[in-house]
Amino acid sequence: ESALVSDVDFALTGRDDHPDQRSFVVLGFMLGRDPSPDQDTVITVKAPLGFKFASLCQVVVGPDVFGAGQPYRGSYSRFEPTATVVGCEGSRSTARVTVRPGLLRRKSYAFRLEVFNPANAPEFNRWTMSIAGESSVPFQGYRLWRLSELSLVASHAARSSAEEETINKVRINFRTTNALAGGAGALLAVTAPFGFRVPTACVASLLTVAGQEIP
């Protein structure tokens, strides 16, 4: 059994779901049988296409998996004292974590792993893990915090001339991934292509699309 643990504090664990950002994910697993007591155990993590692991990836085990000094969530436990991490090798979307003997069967463990998010959301957003000859079924990944359903409608298509500038109004439609919690405000930055000019004192309004809720 394997899963991506979603009940984490992003600030304390280094989790960042923005595109093209370095992040840390907490992964959990349970073994069906005891690994060999005489050999190191290799945990192979395969992320969706587009995610990347550093060649020398970072792994966090022990008391700080859910943040420095934070208790473990749910039924997850820390690795056994003898099951220390001796290396993490990444190649594209695959990471291999080598652990000393000591992990036990039928016990839920959690660890934190460094990963780099892609620029765009993967079509098949599933992760997998294999440990000591056991493989997980693909489990759900996380959504990148991107604007979706983007479209732009301009009031005029004529170009400006030396004698007269074309004053344009544009309507930008979008949907957010997350709601703004607690009615908090946010900064919306719009960058136009080279050559367009936006007035210093620009006018903008935010509207709800008819029949839909802004998430």
(message) Do V59 and R112 have side chains that approach each other closer than 4.5 Å (heavy atoms only, starting at C-beta)?
(response) no

(message) Is it the case that the side chains of N168 and S155 hold a donor-acceptor pair, with the cut-off being a distance below 3.5 Å and no angle test?
(response) yes

(request) Please answer whether the main-chain N or O of D7 pairs with a side-chain N or O of R73 as donor and acceptor at a distance below 3.5 Å. (result) yes

(request) Specify the closest pair of heavy atoms between D16 and R22, including all atoms of both residues, with the distance to one decimal. (result) CB-O, 3.7 Å

(message) Between V115 and L113, is there a side-chain heavy-atom distance shorter than 4.5 Å?
(response) no

(request) Could you tell me whether the side chain of L27 reaches within less than 4.5 Å of the side chain of V45, counting heavy atoms only? (result) yes

(request) Verify the distance criterion only: is there a donor paired with an acceptor across the side chains of N117 and Y142 at less than 3.5 Å? (result) yes

(request) Using only heavy-atom distances, determine whether the side chains of D40 and T98 contain a donor-acceptor pair under 3.5 Å. (result) no

(request) Have a look at F111 and tell me which of V5, V85, I43, V60 forms a side chain to side chain contact (heavy atoms under 4.5 Å, CB included) with it. (result) I43

(message) Under a 3.5 Å distance rule, please check whether S93 uses its side chain to pair with a backbone N or O of G50 as donor and acceptor.
(response) no

(message) I'd like to know if the side chain of R105 and the backbone of G32 have a donor-acceptor N/O pair within less than 3.5 Å.
(response) no

(request) Indicate yes or no: at least one non-hydrogen side-chain atom of F196 is less than 4.5 angstrom from one of V170. (result) no

(message) Surrounding CG of L152 (heavy atoms of other residues, nucleotides or ligands, distance under 6.0 Å), is the total greater than 12?
(response) yes

(message) Could you report the tightest heavy-atom contact between V26 and A110, atom names first, then the distance?
(response) CG1-CB, 4.2 Å

(message) Looking at every heavy atom in both M129 and G28, which two are closest together, and how far apart are they?
(response) SD-O, 4.2 Å

(message) Counting the benzene-type ring for Trp, do W145 and F10 have ring centres under 6.0 Å apart?
(response) yes

(message) In this structure, is the centre-to-centre distance between the rings of F66 and Y72 below 6.0 Å?
(response) yes

(message) Can a donor-acceptor pair be found, under 3.5 Å and without considering hydrogens, that links the side chain of N125 to the backbone of Q140?
(response) no

(message) Please give me the minimum heavy-atom distance between A68 and D64, naming the atom from each residue.
(response) CA-OD1, 3.3 Å

(request) Answer yes or no: is there a side-chain heavy-atom contact under 4.5 Å between Y109 and L104? (result) yes

(request) Check whether any side-chain heavy atom of V65 sits under 4.5 Å from a side-chain heavy atom of R78, and report yes or no. (result) no

(request) Indicate the atoms forming the closest heavy-atom contact of S108 with S75, along with that distance. (result) CB-O, 3.7 Å

(message) Using side-chain heavy atoms (C-beta onward) and a distance below 4.5 Å, is F53 in contact with S91?
(response) no

(message) Looking at D38, is its backbone amide N or carbonyl O close enough to the side chain of S36 to form a donor-acceptor pair, meaning the two atoms are under 3.5 Å apart?
(response) yes

(request) Taking the side chain as every heavy atom from C-beta outward, state whether R15 and F24 have any pair of such atoms under 4.5 Å apart. (result) no

